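Throughout, a chain's letter reflects where its sequence line sits, starting with A, and its residues are numbered from 1. Everything quoted here is computed from the prediction, not taken from an experiment. Just so it is clear, the values below take in all heavy atoms, side chains as well, and ignore hydrogens, waters and symmetry mates.
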Number of protein chains: 2
Amino acid sequence: MRLSTRGHYGLKAMFDLAQHFGADPIPLKIVAERQSISEHYLEQLIAALRKAGLVKGVRGSQGGYILARPPREIYVGEIVRVLEGSIAPVECVSEFKVAQCDQADFCITRTVWKKVRDSIVQVLDSISLADMCRDEERNRQGRESEQEITT
Amino acid sequence: MRLSTRGHYGLKAMFDLAQHFGADPIPLKIVAERQSISEHYLEQLIAALRKAGLVKGVRGSQGGYILARPPREIYVGEIVRVLEGSIAPVECVSEFKVAQCDQADFCITRTVWKKVRDSIVQVLDSISLADMCRDEERNRQGRESEQEITT
DNA sequence: ATAAATCCATACTGTTTTACTCGGGATTTG
DNA sequence: CAAATCCCGAGTAAAACAGTATGGATTTAT
């Protein structure tokens with residue numbers, strides 16, 4: 001019941017772009033370094049995200065990547081779907097494909113997986129990159145005030 | 001974001017044992033046939049379930065497998081954990097192992113995966129085999145009364 | 001105009017996991 | 001004793017994973 005590194009790294013990278021969201025594009029090299037991901041590998045992942053319209057690439061020197069929409073309009077669910085495919089614990093409850101299992105209508109185990117899928121979707125589609133940035137900010141402040149107390 | 005066939009088949013088999021739960025053990029051959037699973041492969045899965053104390057094996061002719069506890073006391077989450085390991089979309093939010101990621105405390109993407117994990121756990125740990133049998137029964141009756149109307 | 005920085009694209013590769021298969025031994029019942 | 005069944009360990013082909021490698025296209029700075 002694992003995500004591959006694609007979704008894992010991809011979200012890290014998108015979160016990085018969200019944290020540094022602004023007018024200027026951010027070179028992938030920087031993102032890869034900050035997030036400790038192989039640059040070449042990350043290139044493949046971001047290519048998928050670009051084709052899906054989640055980021056824009058700016059070529060040439062001083063180029064880089066920039067979110068195609070503001071962080072508040074990009075949800076984790078979108079990112080995961082692009083990089084991992086349909087969110088579904090087993091194939092017969094895929095969000096996209098039609099179920100080819102002949103007992104689909106009767107199969108009770110299937111309803112279990114559907115419930116799992118729906119609960120995952122509910123979580124992923126309710127968290128935006130902006131939400132994550134806000135949480136990060138809160139965490140950071142929490143850590144800093146702890147520092148003040150102990151210092 | 002997929003389950004392997006281990007969890008998928010394993011739940012099917014356990015549900016089959018629950019549906020036919022009684023005094024007599026059920027040969028794996030029957031379960032495998034009913035659920036369309038390779039018998040040899042299922043043997044490996046049920047071995048794990050037996051070692052985990054979820055089913056009991058009865059050797060010899062007229063032998064088979066039987067649930068170690070009544071269906072109402074066996075939850076889907078247990079079965080999945082035995083066959084798939086800790087429920088966790090990424091390793092750093094495993095239920096068991098300690099996180100070895102050095103930025104664990106700070107990493108915001110990690111909190112996303114934690115939320116996903118918790119929502120999956122909540123679903124899987126709230127459905128018992130008895131719940132599934134009850135749903136199956138309801139479904140069956142629904143289909144039958146539909147038949148009556150249309151006939 | 002050229003060099004550097006960056007994105008973009010395709011192909012290749014070693015390792016691990018998956019989903020089995022195979023062969024045989026141990027135990028119980030009729 | 002024979003049949004049915006559980007029990008156990010090894011082997012294996014194919015796919016997926018997690019990258020590498022190589023080089024071309026485009027833009028900016030000097």
*Begin with the C-alpha distance, continue with both residues' side-chain angles, and end with the deciding distance and a verdict on side-chain contact (heavy atoms from CB on, under 4.5 Å) for B:Glu73 and B:Leu129.*
CA-CA 8 Å; B:Glu73 291 175 25; B:Leu129 290 177; over 6 Å; no

*Quick one: do B:Phe21 and B:Phe15 end up in the same hydrophobic cluster if we chain Ile, Leu, Val, Met, Phe, Trp and Tyr together by side-chain heavy atoms under 4.5 Å apart?*
yes

*Side-chain heavy atoms under 4.5 angstrom apart, residues restricted to Ile, Leu, Val, Met, Phe, Trp, Tyr: same cluster for B:Ile127 and B:Ile120?*
yes

*Check the pair B:Glu78, B:Arg69 against salt bridge (Lys or Arg N to Asp or Glu O under 4.0 Å), reporting the backbone distance first and the verdict last.*
CA-CA 12 Å; B:Glu78 299 183 74; B:Arg69 287 173 264 154; 2.9 Å; yes

So how far is it from [X] [atom1] to [Y] [atom2], rounded to the nearest 0.5 Å?
X        : Y       : atom1 : atom2 : result
A:Arg117 : A:Cys92 : CZ    : SG    : 9.5 Å
A:Leu124 : B:Met1  : CG    : CE    : 6.5 Å
B:Met14  : B:Gln35 : CE    : CD    : 12.5 Å

*Tell me, yes or no, whether the heavy-atom count around B:Arg72 atom CZ, taken from other residues, nucleotides or ligands under 6.0 Å, exceeds 12.*
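At most 12 heavy atoms, drawn from other residues, nucleotides or ligands, come within 6.0 Å of this atom.
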
Output a table of donor-acceptor pairs, distance under 3.5 Å, between side-chain atoms of residues 41-67 of chain A and any protein atom two or more places apart or on a different chain; print 'none' if there are none.
residue: A:Tyr41; atom: OH; partner: A:Thr5; partner atom: OG1; Å: 3.1
residue: A:Glu43; atom: OE1; partner: A:His40; partner atom: ND1; Å: 3.4

Near-strand residues of [range], defined as heavy-atom separation under 4.0 angstrom from DNA chain C:
range                     : value
residues 29-45 of chain B : B:Ser38, B:His40, B:Tyr41, B:Gln44
residues 5-23 of chain B  : B:Thr5, B:Tyr9
residues 54-62 of chain A : A:Gly57, A:Val58, A:Arg59, A:Gly60, A:Ser61

*Under a cut-off of 3.5 Å for both distances of each Watson-Crick or G-U pair, what dot-bracket string does DNA chain D give, using [ ] for crossing pairs and | for inter-strand pairs?*
||||||||||||||||||||||||||||||

Ion pair present between [X] and [Y], side-chain N to carboxylate O less than 4.0 angstrom?
X        : Y        : result
B:Asp135 : B:Arg140 : no
B:Lys115 : B:Asp118 : no
B:Glu95  : B:Arg81  : yes

*asked:* Using every non-hydrogen atom in the two residues, find where A:Ser145 and A:Gly142 come nearest and quote the distance to one decimal.
replied: OG-O, 3.0 Å

*Check the side chains of B:Gln122 and A:Ser119 for a donor-acceptor pair under 3.5 angstrom, ignoring hydrogens and angles.*
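Result is no, nothing qualifies.
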
*Any side-chain donor paired with an acceptor under 3.5 Å for B:Arg34 and B:His20?*
yes

_Protein-nucleotide distance (B:Asp24, atom CG; D:dT5, atom C1'), rounded to Å_ =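 One finds 14 Å between C1' of D:dT5 and CG of B:Asp24, rounded.
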
*Could you tell me from which nucleotide to which nucleotide of DNA chain C, 5' to 3', there is an atom under 4.0 Å from chain B heavy atoms?*
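Using the under 4.0 Å cut-off, the span is C:dA19 to C:dT29.
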
*Assign A:Ile46 to base, sugar-phosphate, or nothing according to its heavy-atom contacts below 4.0 angstrom with the strands shown.*
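Contact class for A:Ile46: none.
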
